[in-house]
Amino acid sequence: MSEPFRDPARPVAERVADLVARLTVDEKIGLLHQYQAPVDRLGLEPFRTGTEALHGLAWLGPATVFPQAVGLASTWNPELVRRVGTATADEVVAFHRKDRSGAGRNVWAPVVNPLRDPRWGRNEEGYSEDPWLTGVMGTAYASGLKGDGRVMKTAPTLKHFLAYNNETDRCATSSNLPPRVLHEYELRAFRAPVEAGAAVAVMPSYNLVNGRPAHLSPLINDVLRTWARDDLLVVSDAYAPANLFGVQAYYDDPAEAYAHALRAGLDSFTQDDADPAATLGHVREALRRGLIDESDVDTAVRHALSIRVRLGEFDPIEPFLEITEAVVNRPEHQRLAREAATESMTLLKNDGLLPLAAATKVAVVGPLSDVLLEDWYSGTLPYQVTARAGLAGRTEVLWCEGVDRIVLRAEEGYVSAGAETTGGPLTTGPSAEFDLFDWGGGAVALRSVPNGRHVGVGDDGVLVNDQPGPSGWEVRQTFRMEDRFRGVVLRHIFTGRYVGISKGVLGLADDPENAAVFVVETVESGAGRAARLAAEADVAVVVLGDHPLVNGRETEDRADLALPPLQEDLLRAVHAANPRTVLVVSSGYPFALNWAQEHVPAILWSSHGGQEYGHALADVVFGDADPGGRLTQTWYRSACELPDLLDYDIITTDATYLYFRGSPLYPFGHGLSYTTFGYSDLTAVPGEETLRLEATVANTGDRAGVEVVQFYTHQCRSRVKQPVRSLRGFVKVRLAPGESRRVGVTVPLRDLAFWDVTRDRFVVEDAPCKAQVGPSSGAIRLCARFHLPGETVPPRDPAALEAAACDEYDGMTLCEAARDRGDAVRSAEPGAWVRFRDVALAGETTAVVTAAGEEGGVITLRLGDPLGEIAATLAVPRTTSRFDPVETRAHLSPVTGVRDVYLVCENEGVTVTTLRFHA
């Protein structure tokens, strides 16, 4: 074999080193963009990163569509999730063989951001609010995507590193993470799939973390890469590199920004779509100016080529020749889609109405009753089995959407719409009817009855009825109806402009004063029609939820958790007409179903379930399958129970099931079966390195059923605030009536560690603990005490107190200590403080504070309390930049013993890096 890099018998590192050595500097730079340039003289083909495959292959044409990621996780079945990943990988390979340039084998999935806040617009992309469970599911899906052979089928990429749960100003906001939240919560979800070797690439997020852009995070090299078995590829998010010198203004020019990104660990720039010219020019400029050297380029190229070698690109025989187009949406994948959708169905409430008898006449109503919706990262549905179709295949069905049919009248006349299928401008003239859809958050959509197409705004600003529904990155088919005297005005959500009428044509007005005022006349009440159908049926099934591209999606967070008002009105009307009502919620995020929980006898939830959704729903509703889904995040009663969307400190704010002390609507892990289960004989046996938890579960009902046995622990005494309970493992078990089974999990003791801010490492603390078991975090059936063997955290070393590693804080925000690495705190208001617990002080000492303040400032050191005894007062001189701190010192009177020290900033804008005491 002429070139070592083409010899599959050689180690990957050796093959990569050989190939890198053969490349010129310019050829190597050509590999730093998403669209890697070919090297014809060596036979290297073009290579593209970034095929979307979150829950099936996306964006490239019809392919098997599985439930959304949050739905896959709700199966609590990692092996099933792995099989979905395997099927997706096969379809990626098939598309790649057909179109190498359009379908690359580096896939951008899974998303392992913990679902900290249910208002996050991308909630449906993640798995769970629990970082351990997220890691389990992410590892399972990535393992399926990668395959288990020497050659990878695809190269899975974890998204989005790090602390990314808000779309609001996502490129400009900073997710501020105290060390415990960073290490115990955010990093944990990424660690499992990287350590397992399931994920071989990572994508940083758009946001900043503690004031520093995530794409420049030192954690990429210092932490992420230490977990990886092999070279880890780091690809930027789309157009994120330009933010570094653009909206984030972290560096002054592109060359400087790109140089720092490369040195921080970024290997591939996703910028300017398929045109790499500008990006590569910036890299060359950085090299010319000495901001980077060739070794920095070599490092990034090595990471990129390692992936390509492991994909078998340079092997003498092309891998996976047996995978052809025939695998796409093949019957086995259809059955898998049905299985995944069925297992994800989660029964939230049941007063005995479900399962339905076979001969039941069912009224199926609701805006989601006869449609399946694709989210931004969905594949193209090859076919659709809707709720209506699935139920109609089993029994007699009466159906309507339950949406209002209206006409719009303005001063100039009625709004008219053409009947052509291609659509056309909306004008004034003979009245046209429109169906009104309420998707929540004030967002409504209008479907033109004459041609069944939705109303949107064209590039010329004219309203046209030409789309099948809200769609695309720039959703142009949604409006807000704002009340005005004698009617409403329509505000186009995407542009923020109002609808006006000019020369009989409806279009967007440049001046809000020119907005047309419309009178909404209801031709037929959707709720009224649905109520009439419900009254004729034995049971009503109301299918409600979200539109994945409206009011909660990438670039748009939700403001509240409420059902869309018109959808709630529909549910109430149907229930009033027929109390035997089943609410079916199809959504990528939780809703506050308070009225429904109190009044409706049965409630089912699933994510948008893919092409087999209707069959899965029918299987569960009629009892062919026991509801196997369980919630992977808390469903709250109100957004008032949540902290600020941008507050990432889950410990301080009592957020997620780990720390929440209220009574949620549905707790983490919740989900019901059609049978009942009993628990007995919980044991907790700690060993030298593991904890064994076991319990006996028995089916105490009269039908077979599925239970997810969930094991939790709680540390009863600790130096730090501990979670209310933490999931440590689970077993999904199917039992016949009267059957019992002993089940258990083995937990590494290191998983019970917390991050010790006093010594910057994980510690297992010697402490009494409780083991707990039950069907959810809110339904603990048994507890067992055990003693956790470990160590005692000693008093803090007074010579090394990092401000960001404080024990508690108030009025402070975390920020970067220097541009490239290190964290600090900055006072956001006068009187802001940080607390250092249990500092071992010994006699007369000098306090030294490293701080910066462009306006100067005063720092007071107090003992025992933020308003306690003053130990010292230090003046912070004016500094040219917060990145240029200075040491300021003061003598303390003799203080001996272990004391709590409070560092209080008497004015805002003071950045503190360290505090230390010395004799």
Side-chain angles (χ1 to χ4, degrees), residues 174 176-182 210-211 643-644 646-654 659 719-721 755-758 760 793 795-817 822-841 845-877 879 882 885-893 895 897-917:
S174 178
N176 294 332
L177 304 178
R180 285 192 62 203
V181 178
L182 170 66
N210 293 355
D644 187 279
L646 300 179
D647 194 335
Y648 279 71
D649 186 351
I650 65 165
I651 299 175
T652 298
T653 60
D654 291 339
Y659 295 96
R719 181 190 182 279
V720 301
K721 180 179 180 180
W755 185 259
D756 177 17
V757 297
T758 73
D760 292 332
V793 178
R796 297 190 74 140
D797 181 357
L801 300 175
E802 298 290 331
C806 61
D807 291 282
E808 193 178 353
Y809 62 95
D810 184 71
M812 291 284 194
T813 185
L814 285 144
C815 62
E816 68 277 52
D823 294 328
V825 298
R826 184 166 62 251
S827 58
E829 58 190 40
W833 53 262
V834 296
R835 175 193 185 193
F836 301 99
R837 284 190 58 194
D838 301 336
V839 181
L841 298 173
T845 59
T846 297
V848 182
V849 174
T850 305
E854 295 182 18
E855 300 299 323
V858 174
I859 290 175
T860 304
L861 299 182
R862 295 178 179 266
L863 302 177
D865 188 271
L867 300 176
E869 173 191 350
I870 296 177
T873 301
L874 304 92
V876 178
T879 56
R882 60 189 176 91
V886 296
E887 288 188 353
T888 181
R889 61 189 62 215
H891 183 72
L892 274 70
S893 300
V895 179
V898 177
R899 304 290 296 272
D900 286 0
V901 175
Y902 286 81
L903 184 153
V904 184
C905 293
E906 303 297 347
N907 54 298
E908 64 178 295
V910 175
T911 300
V912 183
T913 305
T914 61
L915 164 65
R916 68 181 191 271
F917 298 92

Gap between atom [atom2] of [Y] and atom [atom1] of [X] - 0.5 Å precision:
{"X": "Thr652", "Y": "Tyr659", "atom1": "OG1", "atom2": "OH", "answer": "9.5 Å"}
{"X": "Asp647", "Y": "Thr653", "atom1": "CG", "atom2": "OG1", "answer": "5.0 Å"}
{"X": "Leu863", "Y": "Glu869", "atom1": "CG", "atom2": "CD", "answer": "5.0 Å"}

Check Met812, Arg862, Glu808 against Trp833 for a side-chain contact (heavy atoms from CB on, under 4.5 Å) and give me the one that passes.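 So, applying the side-chain contact (heavy atoms from CB on, under 4.5 Å) to Trp833 and each of Met812, Arg862, Glu808, only Glu808 qualifies.
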Between Ser827 (side chain) and Val910 (backbone), is there a donor-acceptor pair under 3.5 Å?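 Side chain of Ser827 to backbone of Val910: a pair is present.
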With distance as the sole test, does Asp900 use its side chain to make a donor-acceptor pair with the main-chain N or O of Asp838 at under 3.5 Å?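 Yes, the answer is positive, given that a donor and an acceptor are paired below the 3.5 Å cut-off.
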Under 3.5 Å, which donor-acceptor pairs link side chains of residues 850-860 to any protein atom two or more places apart or in another chain?
from: Thr850; atom 1: OG1; to: Thr914; atom 2: OG1; distance (Å): 3.0
from: Glu855; atom 1: OE1; to: Arg878; atom 2: NH1; distance (Å): 3.3
from: Thr860; atom 1: OG1; to: Glu906; atom 2: OE2; distance (Å): 2.8

Where is the tightest heavy-atom contact between [X] and [Y], given as atom of each residue plus distance?
{"X": "Leu892", "Y": "Ala871", "answer": "CG-O, 3.6 Å"}
{"X": "Leu874", "Y": "Thr888", "answer": "CD2-O, 3.3 Å"}
{"X": "Val904", "Y": "Pro866", "answer": "CG2-O, 3.9 Å"}
{"X": "Pro178", "Y": "Asp649", "answer": "CG-OD2, 3.5 Å"}
{"X": "Gly864", "Y": "Tyr902", "answer": "C-CE1, 3.5 Å"}
{"X": "Val181", "Y": "Ile650", "answer": "CG2-N, 4.2 Å"}

Salt bridge check, Glu887 against Arg916: does any charged N sit closer than 4.0 Å to a carboxylate O?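 So Arg916 pairs with Glu887 through a salt bridge.
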Under 4.5 Å between any side-chain heavy atoms of [X] and [Y], yes or no?
{"X": "Arg826", "Y": "Thr911", "result": "yes"}
{"X": "Val901", "Y": "Leu915", "result": "yes"}
{"X": "Val834", "Y": "Val912", "result": "no"}

Could you walk me through whether Leu861 and Ile870 pass the side-chain contact (heavy atoms from CB on, under 4.5 Å) check? CA-CA 6 Å; Leu861 299 182; Ile870 296 177; over 6 Å; no
Decide side-chain contact (heavy atoms from CB on, under 4.5 Å) for Leu841 and Phe917; before the verdict, give the C-alpha distance in whole Å, the side-chain angles of both, and the deciding distance to 0.1 Å. CA-CA 8 Å; Leu841 298 173; Phe917 298 92; 4.0 Å; yes
Please set out all donor-acceptor pairs under 3.5 angstrom arising from side-chain atoms of residues 797-807, sequence neighbours excluded.
from: Asp797; atom 1: OD1; to: Ala799; atom 2: N; distance (Å): 2.9
from: Asp807; atom 1: OD1; to: Arg719; atom 2: NH1; distance (Å): 2.7
from: Asp807; atom 1: OD1; to: Arg719; atom 2: NH2; distance (Å): 3.1
from: Asp807; atom 1: OD2; to: Arg719; atom 2: NH2; distance (Å): 3.4
from: Asp807; atom 1: OD2; to: Arg796; atom 2: NH1; distance (Å): 2.8
from: Asp807; atom 1: OD2; to: Arg837; atom 2: N; distance (Å): 2.8

